[in-house]
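In what follows, a single structure is set out as structure tokens and then discussed.
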Amino acid sequence: MNMMERNEHSKEKQWRDDIRGGKQKEYEAREGKDDDLLVEDLDENLQDEADDESAGLQGLLQRPYMTTVLLGVIVLLLLCIIVLLFLLPRKKISDANGNLQQNITEYAQEQKLNDIVKDASGKAVVVKLPEKQDENKDTGTVSGQETQSGRKPVAEKMPASDEFVSADGDKTAVVIDIEDENDVAYTKEFILNEALPYFADNNQNAIWDLAHLKRYVKLSAGLEGTNQYYYMGGVNSNGRPEGKGLAIYEKNSYYYGDWSDGIRSGEGAWFKFYIGQKDEDNAMGKYMAHSYSGSWANDLPNGQGAEHYDVDTSKLQVRERILQNVVGNFNNGLYDGELYANTVDYTGNVEEWSGITEKGVFELWRDMSAIGECSVWQKVDDSAQYMDIDRAENKNQGLRELLKPETK
């Protein structure tokens, strides 16, 4: 090969190498550019996805129905909280009411079960009855002595009228209706409407609390001298109390139960509270309240029933007993037939007694006429012990606070 051909061959090879090198660079340039485009596209895609996600949540919240849904959830939560707050106190009150309710007869049994301290001797103790008497006079004793003959004398019948009239029998009922249930002023309408459910449930603890509120004491005091009582309940076509109803009388007295043409008749309960009172009716402050629950007719206790006193034992003297419950039959407000009673002493000790009466006059277990006393109650678990009263007091024994003064 001559020189010229060699040179031409070299140029052709170089030209081919240049072409290859250019293509290689162009390829590499293109590859690099593609890589850059791929990275940039990836970043843009990620950003777009984030923007789409943010826009999706924001868009969901901005939809019209979502506001309604959120408000509905909030209202539902608030209602749940209100219902819980409302139900819990009602359950507590309901449970409390269930534990507080008891009738007068059960109370006597409860007192006996709670008997802890016993009087060692049980001899020569004093008992005072809720009747007019001289404070300085010894009105009764309990003794274990028998009469020489061992016979039980019959009480001398005291002359007494067969006409016993209720102290409230000639009063006129002022029938109260609910004028405005939203009126919270302390009107007579509000007070009767407030008290009625507690009397209907025989919730005696609640009745006690209500009767001692100023508005109740004031309402009762306003009835003195008016010959009226406030009443709420059923009435007949003549506007007189009929069916179930509540009456508020003067001197902090109440009755709830059955009525017939304005007369207390059927089953009912009467309460009297000695508020700011200290006289012979409450044994000079020893009795705090007096009540009767049972059968009624002729506006007075008639039939089976139970009489109860709330006693302040802190005011009792050493070895003193006082009547707390009397259970049995009543005739126009007087004891009539076999009776069972219990007394409580200064230590809280409860003892049970039995007696026999006829229209308010006790049959005597023994007669001590020489000293003016007679035994009217016999101890249930010790027949050798008696409870005595003054002989002159053995007449018209019963719920004398419910009788007209001239018949007591």
Side-chain angles (χ1 to χ4, degrees), residues 119 122-149 151-161 164 278-287 290 307 309 311 315-326 328 330-331 333-346 351-379 382-408:
D119 185 357
K123 309 293 182 181
V125 295
V126 176
V127 61
K128 294 187 178 181
L129 301 176
E131 57 192 31
K132 293 185 178 181
Q133 55 194 16
D134 187 349
E135 256 194 304
N136 299 322
K137 183 177 179 180
D138 187 2
T139 59
T141 59
V142 174
S143 174
Q145 299 178 2
E146 290 279 3
T147 58
Q148 292 181 355
S149 63
R151 297 170 58 187
K152 299 178 181 178
V154 178
E156 180 180 325
K157 300 298 180 183
M158 306 297 293
S161 172
F164 289 93
K278 188 177 180 181
D279 55 22
E280 65 277 357
D281 286 337
N282 66 341
M284 305 310 292
K286 295 171 184 177
Y287 289 129
H290 188 192
E307 178 185 21
Y309 287 97
V311 179
K315 288 185 170 61
L316 301 183
Q317 300 176 1
V318 176
R319 301 180 65 79
E320 181 182 9
R321 286 173 171 83
I322 194 167
L323 274 177
Q324 188 173 42
N325 295 283
V326 179
F330 293 79
N331 186 337
L334 302 179
Y335 301 149
D336 190 47
E338 294 185 6
L339 301 172
Y340 295 91
N342 72 267
T343 58
V344 62
D345 65 13
Y346 67 102
E351 295 175 313
E352 292 187 345
W353 308 81
S354 63
I356 301 174
T357 56
E358 182 179 350
K359 293 183 179 180
V361 178
F362 277 93
E363 178 179 317
L364 305 183
W365 295 104
R366 65 182 182 130
D367 191 0
M368 297 186 296
S369 301
I371 60 175
E373 294 179 350
C374 54
S375 301
V376 296
W377 296 99
Q378 184 180 48
K379 197 171 183 182
D382 186 355
S383 60
Q385 291 195 45
Y386 307 99
M387 190 158 59
D388 304 330
I389 62 172
D390 189 281
R391 184 180 178 85
E393 294 296 330
N394 190 22
K395 62 179 181 179
N396 298 341
Q397 290 289 326
L399 287 154
R400 289 186 289 178
E401 283 189 283
L402 281 168
L403 301 175
K404 273 186 170 292
E406 56 266 25
T407 62
K408 292 182 181 180

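The residues of the chain are indexed from 1 along the displayed sequence.
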For the [atom1] atom of [X] and the [atom2] atom of [Y], what is their distance to the nearest 0.5 Å?
{"X": "E307", "Y": "L339", "atom1": "CD", "atom2": "CG", "value": "9.5 Å"}
{"X": "W365", "Y": "M387", "atom1": "CH2", "atom2": "CE", "value": "12.0 Å"}
{"X": "E351", "Y": "Q324", "atom1": "CD", "atom2": "CD", "value": "12.0 Å"}
{"X": "Q378", "Y": "Q385", "atom1": "CD", "atom2": "CD", "value": "10.0 Å"}
{"X": "Y335", "Y": "R400", "atom1": "OH", "atom2": "CZ", "value": "8.5 Å"}
{"X": "D382", "Y": "E352", "atom1": "CG", "atom2": "CD", "value": "13.5 Å"}

Residues in side-chain contact (heavy atoms from CB on, under 4.5 Å) contact with N331, at least two apart in sequence or another chain: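 Only N302, D336, K359 meet the side-chain contact (heavy atoms from CB on, under 4.5 Å) criterion with N331.
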Heavy-atom pair of closest approach, residues M368 and D388: CE-OD2, 3.2 Å
Check: Y287 side chain, L323 main-chain N or O, donor-acceptor pair, under 3.5 Å: yes
Expected output: side-chain N325 to main-chain N342 donor-acceptor under 3.5 Å: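 No, because the side chain of N325 does not come within donor-acceptor range (under 3.5 Å) of the backbone of N342.
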Side-chain touch I389/C374, heavy atoms, less than 4.5 angstrom: yes
Side-chain heavy-atom pair Q397, T357 within 4.5 angstrom cut-off: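 Side-chain contact under 4.5 Å: no.
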side-chain contact (heavy atoms from CB on, under 4.5 Å) between K286 and Y309, worked out: CA-CA 10 Å; K286 295 171 184 177; Y309 287 97; over 6 Å; no
CA sep, side-chain torsions, deciding dist, call: V326, L399, side-chain contact (heavy atoms from CB on, under 4.5 Å): CA-CA 10 Å; V326 179; L399 287 154; over 6 Å; no
Test log, rule side-chain contact (heavy atoms from CB on, under 4.5 Å), inputs I322 and T343: CA-CA 5 Å; I322 194 167; T343 58; over 6 Å; no
L364 and S375: CA distance, side-chain angles, deciding distance, side-chain contact (heavy atoms from CB on, under 4.5 Å) verdict: CA-CA 5 Å; L364 305 183; S375 301; 5.9 Å; no
